[in-house]
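Take a look at the structure set out below.
Scope of the values below: all heavy atoms of this structure, side chains included, with no hydrogens, waters or symmetry mates. Here is how names work: the chains are called A, B, and so on, in the same order as the sequence lines, proteins then strands, and each is numbered from 1.
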There are 2 protein chains.
Amino acid sequence: MSQRNTDVSAQLNALTGCAPDAVTPFTPGQARACTVREVLDRVGGKWSIGILVAASQGPVRFTELERQIEGISRRMLTLTLRNLERDGLLERRVHPTVPPKVEYTATPIALELYESLVALTSWAERHRGAIAAARQTYDREHTTP
Amino acid sequence: MSQRNTDVSAQLNALTGCAPDAVTPFTPGQARACTVREVLDRVGGKWSIGILVAASQGPVRFTELERQIEGISRRMLTLTLRNLERDGLLERRVHPTVPPKVEYTATPIALELYESLVALTSWAERHRGAIAAARQTYDREHTTP
DNA sequence: CTGTATCCGTCAGGATACTG
DNA sequence: CAGTATCCTGACGGATACAG
């Protein structure tokens, strides 16, 4: 199993652009950064969060999402759903009826992720104003001498 | 101030691809998703987190970062630094010496963000294995019948 | 209803040479 | 040392049209 795990880890790291632990033990801080990257590479896409949030309320159908997400294309909806399913964040259940009916549900792992995201929303809400102000200041000072 | 805030908020939302609150009150869940997007649009870049982590330990110089970050190009380092500075997450201090010396320091806001990210790293560490396994399973079941 | 297949545009990001 | 200026590439994502 250790053999297996090594492979998996290396593969995962390769996929996420993170160097394998064994190869880069010299910058301890960056290991932490790398861990965060793993998450971002998974839910950093333009639509992932929206879908995850919607699916966290209970089973959702394809067309429901298409309407709820507002602006997503059919293609991106499918792609994002597949990726989330692949990572074990969504469960896809097909009802063999006619017309077809497919329901997506957030897995326990995804629900935990959703909880973790609360910390981020809190941060955004607290500092949203300060950030906007910082931008204005910066932009003002860096244009038209 | 309310006037000002409205403008800022609308502008911010425009910049982040989120619809202004007033315009989309119909999907309450997606508002939350939108808030998370604000964060991701700020630190979702390939190098932002790494730089933020490094700068959180104390003032860091340009070349220090270039070595520490491992794989970053000079161009992307500059760009990411500028963006973080613009959003008020980094402070850039120039020492008028020769040769020049520039130090980047994480602002209090950035440090708070850093704390919030801990929840995410914890999530990643707990489920990293499960996700890798889910991927293997998915890939096995979706290739060469 | 739930997708797949195609085509195409944009833009983050890499490599590298030059500069105050 | 700490950047800018260019050029170039691939991946992400939008717009349809078609299909089971």
Item checked: Exam field: side chain T107(A) to backbone G88(A), donor-acceptor pair closer than 3.5 Å -> yes
From CG of N83(B) across to P of dC11(C) the rounded distance in Å is 14 Å
Rounded to whole Å, CZ of R92(A) lies from P of dT2(C) at a distance of 10 Å
Rounded to whole Å, NE2 of H95(A) lies from P of dG3(C) at a distance of 12 Å
Residue pair S73(A)/P99(B) against DNA chain D: nearer the 5' end by closest nucleotide is P99(B)
Discussion item. Tell me whether R42(A) contacts the main-chain N or O of E38(A) through its side chain, where contact means a donor paired with an acceptor under 3.5 Å.
Written reply: yes
L77(A) CG to dT4(C) P, in whole Å, measures 11 Å
Separation of dA12(C) atom P from K46(B) atom NZ, nearest Å, is 14 Å
note: K101(A), atom NZ; dT2(C), atom P; distance rounded to Å ~ 9 Å
DNA chain C nearest-nucleotide lookup for E103(A) and G45(B): closer to the 5′ end is E103(A)
With the side chain defined as heavy atoms from C-beta on, R75(A) is closest, among dG3(C), dG14(C), dT6(C), to dT6(C)
Under 3.5 Å side-chain donor-acceptor pair for R74(B) and T78(B): no
Problem - Side chain proximity check, V43(B) to V36(A), heavy atoms < 4.5 angstrom - result: no
So the side-chain hydrogen bond (donor to acceptor under 3.5 Å, both in side chains) pairs with at least one residue in residues 50-63 of chain A (sequence neighbours excluded) are none
Are R135(A) and D139(A) ion-paired here, with the side-chain N under 4.0 Å from a carboxylate O? no
Rounded to the nearest 0.5 Å, the OH atom of Y104(B) sits from the CG atom of L81(B) at a distance of 4.5 Å
Taken to the nearest whole Å, CD1/I72(B) to C1'/dG14(C) is 11 Å
To the nearest angstrom, the CE-P distance between M76(A) and dT4(C) comes to 13 Å
What contact category does R61(A) fall into here, base, sugar-phosphate, or nothing, at under 4.0 angstrom with non-hydrogen atoms? sugar-phosphate
Counted 5' to 3', the first and last nucleotides of DNA chain D within 4.0 Å (strictly under) of a heavy-atom of chain B are dC1(D) to dT6(D)
Review point. Checking all strands, does T63(B) fall into the base, sugar-phosphate, or nothing category for heavy-atom contacts under 4.0 angstrom?
Key: sugar-phosphate
